[in-house]
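Proteins come first, then strands; the chains are lettered A, B, ... in the order of their sequence lines, and each starts at number 1. FYI, side chains are in, hydrogens and waters are out, and symmetry mates aren't considered; it's all heavy atoms of this structure. All values derive from a computational prediction rather than experimental measurement.
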There are 2 protein chains.
Amino acid sequence: MIRFYAPDIEQSPLLPESDSQHCCRVLRMQSGDEIEIVDGRGSLYRCRIINAHSKRTEVEVIERVAMPAVWPCRITVAVAPTKHLDRMEWLVEKLVEIGVDRIVPVRCMRSERKEIKVERLEKIAVSAMKQSLKAVLPAIDEMTPLPRFLETVAPDDRRFVAYCDDWVERRLLAREYKPGDSVSVLIGPEGDFSPEEIHAAIDAAFIPVSLGDNRLRTETAALVACDTIHIINQACKS
Amino acid sequence: MIRFYAPDIEQSPLLPESDSQHCCRVLRMQSGDEIEIVDGRGSLYRCRIINAHSKRTEVEVIERVAMPAVWPCRITVAVAPTKHLDRMEWLVEKLVEIGVDRIVPVRCMRSERKEIKVERLEKIAVSAMKQSLKAVLPAIDEMTPLPRFLETVAPDDRRFVAYCDDWVERRLLAREYKPGDSVSVLIGPEGDFSPEEIHAAIDAAFIPVSLGDNRLRTETAALVACDTIHIINQACKS
């Protein structure tokens, strides 16, 4: 069944315009039809269409289902957006499919991309959430200068910085991460972090890690880091 | 240093046309300059340019270096190409970055894409190999009907089929895969395998596995499967 997204469903039983249009114009659903709606915060609502309308479709909630969490911890991926926007958009889609709680675009000294439109990334995230049958939409922060990001990390997060250059000793993320730990992973820009940035991250309790002996593009590194958390959790599931 | 690709360097010390052009026209390298060339079979050659030419640049080999293997087993990913070609091209790039030995585009009963141009995928693979500083180019098969692929799997490969539907019992790939094992992973089309195909795979000793509780797109599933092999090998590295 196709899922719709209505973040305010609990307060107002309406499909927003884009989903109303998809529901009524594209899928030609009608009053009386049943649909599934997620709120992006972990709940799914089985609903019946009361008034099919291409801009504001009214529904009644038949049942609210709290969806079980798919992964056992909070995962934050902070990443310097790539020069080519399509690589960053692709990354957001894949992170949402694989599972992430918060995405932070960070601005670094050597970032080639200094600005990014969060609305566009949010649209991609909503689409990936629906497509992968999730009920949780990750938070996507505005572009955040690295020093400010370092101040906003949740106090109990394990902190890792994936870093290419080898003047800092690094261990494998796959071995340093412990199952169940909430985590913030920081991935640098295409030109890598500056030494000052690495020192600032280490001062903020980030542990330098490697993702293996492969040299990965920025967006691949961010994806592999997030996937590593999931796979170690799966491998050690009791 | 930028790497060039010359599969026949051992027999003929020349850069092929596209790499000659990049070397001499784009990078404006000249006779006497040193470059690195990989042969796609695991060797790197330090070379000196003898005759810079935009179509056939001659070099002399200074040193041949056998590059160490980055992963400890052979990894084959067999995947039904996606309807949208850009998703398949993206997958090839990412598989090469993360590390794969053989990519087999398989044609399934419910495949929306029945044909694929291997030359285009090979170009992407060469580019990703250079970019990620590898010396090994994975083999990319022609589009292969699933029954024929099942007959060509290396005899000592562990075999896994990642499958969405749940009428077959599945275990997590992250727990079934044993470090060091060479492996063939089979990923179905967007419409999933048919029951007959699943039975044929099981008859060919493929073990049905899950990649977790997330519903992943075809190309994401193929990437996550390959990445799982790498991460389990890293986590258990002695």
Side-chain angles (χ1 to χ4, degrees), chain A residues 3 67-72 86-87 89-91 93-100 127-134 136 164 171-179 190 209-238, chain B residues 3 67-72 86-87 89-91 93-100 127-134 136 164 171-179 190 209-238:
Chain A
R3 290 199 181 170
M67 301 289 282
V70 175
W71 55 97
D86 59 343
R87 292 185 175 273
E89 293 181 349
W90 165 84
L91 172 62
E93 177 183 293
K94 295 311 170 206
L95 286 176
V96 175
E97 273 186 72
I98 291 173
V100 68
S127 168
M129 171 187 69
K130 290 176 184 173
Q131 208 275 336
S132 62
L133 302 184
K134 289 189 177 61
V136 176
C164 285
R171 297 186 188 171
L172 283 166
L173 176 61
R175 305 191 72 160
E176 283 297 300
Y177 173 74
K178 297 289 171 291
E190 280 135 327
V209 288
S210 153
L211 302 169
D213 292 329
N214 292 314
R215 188 174 81 158
L216 303 175
R217 285 177 179 271
T218 289
E219 77 276 10
T220 319
L223 183 75
V224 165
C226 182
D227 198 33
T228 300
I229 307 301
H230 284 280
I231 290 168
I232 298 299
N233 274 307
Q234 286 176 10
C236 302
K237 212 170 176 177
S238 55
Chain B
R3 291 200 180 168
M67 302 290 281
V70 175
W71 55 97
D86 59 343
R87 293 185 174 274
E89 293 180 350
W90 164 85
L91 172 63
E93 178 184 292
K94 296 311 170 205
L95 286 176
V96 175
E97 273 186 72
I98 292 174
V100 68
S127 169
M129 171 187 69
K130 291 177 183 172
Q131 208 276 336
S132 62
L133 303 183
K134 290 188 175 62
V136 175
C164 287
R171 297 184 188 172
L172 283 166
L173 176 61
R175 304 191 72 160
E176 283 297 300
Y177 174 73
K178 297 289 171 291
E190 281 137 326
V209 287
S210 153
L211 301 169
D213 291 329
N214 291 314
R215 189 175 77 158
L216 303 175
R217 285 177 178 273
T218 290
E219 76 277 11
T220 319
L223 184 74
V224 165
C226 182
D227 198 33
T228 301
I229 306 302
H230 284 279
I231 290 168
I232 297 299
N233 274 307
Q234 287 176 11
C236 302
K237 214 169 173 177
S238 55

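- Once rounded to the nearest 0.5 Å, the distance linking CG of B/Leu91 with SG of B/Cys226 reads 8.5 Å.
- At distances below 3.5 Å, at least one donor-acceptor pair connects side-chain atoms of A/Arg3 with backbone N or O atoms of A/Leu133.
- Comparing B/Pro68, B/Ala174, B/Ala128 by heavy-atom pairs within less than 4.5 Å of chain A, the highest count is held by B/Ala174.
- In this structure, chain B has a heavy atom under 4.5 Å from the side chain of A/Arg87, while its backbone stays farther away.
- Nearest heavy atoms, B/Pro179 versus B/Asn233: CA-OD1, 3.2 Å.
- In this structure, chain B has heavy atoms under 4.5 Å from both the backbone and the side chain of A/Ile231.
- For the set A/Glu176, A/Glu93, A/Arg217, A/Lys94, the count of heavy-atom pairs under 4.5 angstrom toward chain B peaks at A/Arg217.
- The environment of CZ in B/Arg171 is sparse: at most 12 heavy-atom neighbours from other residues, nucleotides or ligands sit within 6.0 Å.
- One finds the CD atom of A/Glu97 at 8.5 Å from the CG atom of B/Asn214 (value rounded to the nearest 0.5 Å).
- Between chain B and the residues A/Leu173, A/Leu211, A/Thr220, the most heavy-atom pairs under 4.5 angstrom are made by A/Thr220.
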